[in-house]
Amino acid sequence: MNWGSFYAVISGVNRHSTGIGRVWLSVIFIFRILVLVVAAESVWGDEKSGFICNTQQPGCNSVCYDQFFPISHIRLWALQLILVSTPALLVAMHVAHRRHIDKKILKRTGRSSPKELERIKNQKFQITGALWWTYMISIIFRIAFEVAFLYIFYLLYPGFKMVRLVKCDSYPCPNTVDCFVSRPTEKTIFTVFMLAVSGLCVLLNLAEVVYLIGRACKRGFQGSEEESKGAWISQRWSTYKLNEINQLIADQSLKSKFTVTKKSPTEKSERCSAF
Amino acid sequence: MSWPALYAELVGASRHSTSLGKVWLSVLFIFRVMVLVVAAESVWGDEQSDFTCNTLQPGCENVCYDQFFPVSHIRLWCLQLVFVSTPTLLVATYVAYRNHSDKKSTGFLSSKGQEEDLETLKRRRLPIAGALWWTYACSLVFRLLFEGGFMYALYVVYDGFQMPRLVQCDQWPCPNLVDCFISRPTEKTIFTVFMATTSSICMVLNMAELVYLVAKAVNR
């Protein structure tokens, strides 16, 4: 399992994202993961072997390195990228669940031809209703993880500049020794770059939140102004489908013939579309 | 055979899992295998070359490293992940056996259209009932045992999840009690705690799945 397979898994979610979501995904993969793999990892490759203290005391190098670099930038960025990309899978799970329910309904109503099943597999869901909330929650998690990691970075390495020299006096160093960090300027450049792109990703996520809320409000206003026949019919059909789902859940036997009874609108237990 | 190949096998087998099983598979591969491959392996990369003892005596470092690190964390985790993934293949084997025996029984009834029968058999999703339920439940129990077993082994071999900076060693040929310094102990502690946490999450998911299966069976 490597970044390539990870990309295949995450980019599957792309179909159900907004435009900004797709831009965000490209930024993550091109400007962060790719840069991490092809450039940053070689800059930090000799971080320990190139960390030299002005002493011959064995162990002093190790101990001072451990004191000043509790966790390497590279590992922090790798963890950040993994945690930030995974909320997108929440959306994928929700879509898979919806498709599963749709397939069950089709099978129950006896319309499970391969063509219909194929249509369900390729169906692109609108980001409304419960999917809107799932999507929103996934974006909020993304923002939370990004900000959390930026904060951890700030705590561990205050300031983005990598110093050339650190002074260390932990045991077994005989006194306060000078220790020299390898490639400090190159590390500073890459740290600034990665922090900037991280900030850009946070902005993109915030923009996506605003866009989603705006779209939902617009849909809400349009819906309340003109109750078109088409919208009414689609709402009734959604209610009908929900009642079927409720019936499915209550139905214990898988083999009995399923009969559809349309319940009155007042008995519906869940709203299909939030806006 | 490599991690992506194992992933492909398990994803195929997960067609017959519950939703919790699919979540477990994602957690396993994204938060454990991937973190192991892209991060943890580079942290432990120089574990022996950078294990330094305060002595010039040849052989002392080797002997002390071997005393304090009988099995590296990375190898333990690799073994744990391989063992934990294999019970799923039990389920896949059982499904293949069922498909084979069903194909045989339908093969005697209809001679033509055998190709499409086999395809439909392969593509269908068996409900988790009867013998498949027992196979699935057994696989969950084995997964739990392996996870718990390996976590316990790691805890016992390394006396907890924390990596010390300094260990004291007096094995022959070290001339006296020497200080030996471990490389990147803090980073190793962080990753050990992370892997232990994800292992516990996987155990919780497995237990939840077991409870769900039992409840489903009781309902039926």
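Proteins come first, then strands; the chains are lettered A, B, ... in the order of their sequence lines, and each starts at number 1.
- Looking at Ser170(A), the atoms closer than 4.5 Å to chain B (heavy atoms on both sides) all sit in the side chain, from C-beta outward.
- Counting heavy atoms of neighbouring residues, nucleotides and ligands inside a 6.0 Å radius, atom CZ of Phe31(A) does not exceed 12 of them.
- Contacts between residues 42-73 of chain B and chain A, defined by a heavy-atom separation under 4.5 Å, are made by Ser42(B), Val43(B), Asp46(B), Asp50(B), Thr52(B), Cys53(B), Asn54(B).
- Remark: Asn176(B) CG is packed, more than 12 non-hydrogen atoms of other residues, nucleotides or ligands lying under 6.0 Å away.
- Within the 4.5 angstrom heavy-atom criterion, no atom of Leu36(A) approaches chain B.
- With a threshold of 4.5 angstrom between heavy atoms, His97(A) does not approach chain B through any atom at all.
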Applying side-chain contact (heavy atoms from CB on, under 4.5 Å), run through Ser183(B) and Lys48(A) and close with a yes or a no.
CA-CA 9 Å; Ser183(B) 93; Lys48(A) 181 126 197 305; 3.5 Å; yes
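- Phe29(B) touches chain A through backbone and side chain together, each having a heavy atom under 4.5 Å away.
- Looking at Leu166(B), only its side chain comes within 4.5 Å of chain A, counting heavy atoms on both sides.
- Remark: Ile74(A) CD1 to Glu187(B) CD distance equals 10.5 Å, nearest 0.5 Å.
- Within a 6.0 Å radius of NZ in Lys104(A), no more than 12 heavy atoms belonging to other residues, nucleotides or ligands are found.
- Taken to the nearest 0.5 Å, the OH atom of Tyr65(A) stands 10.0 Å off from the OG1 atom of Thr186(B).
- Both the backbone and the side chain of Ile30(B) come within contact range of chain A, with heavy atoms under 4.5 Å apart.
- Proximity to chain B (any heavy atom under 4.5 Å) is restricted, for Glu47(A), to the side chain, taken from C-beta onward.
- In this structure, Phe181(B) and Pro172(A) approach most closely via the heavy-atom pair CZ-CG, 3.0 Å.
- Counting heavy atoms of neighbouring residues, nucleotides and ligands inside a 6.0 Å radius, atom OH of Tyr212(B) does not exceed 12 of them.
- The greatest number of non-hydrogen atom pairs below 4.5 Å with chain A, out of Phe191(B), Phe194(B), Tyr7(B), is found for Phe191(B).
- Between chain A and the options Leu6(B), Val38(B), Thr189(B), Ile182(B), heavy-atom pairs under 4.5 Å are most frequent for Val38(B).
- Heavy atoms from other residues, nucleotides or ligands lying under 6.0 Å from OH of Tyr7(A) number 12 at most.
- A distance of 5.0 Å separates CZ in Arg184(B) from CZ in Arg75(A), rounded to the nearest 0.5 Å.
- Using a 4.5 Å cut-off between heavy atoms, Val9(A) contacts chain B through its side chain alone, with no backbone atom that close.
- Atom CZ of Phe141(A) is surrounded by 12 or fewer heavy atoms from other residues, nucleotides or ligands within 6.0 Å.
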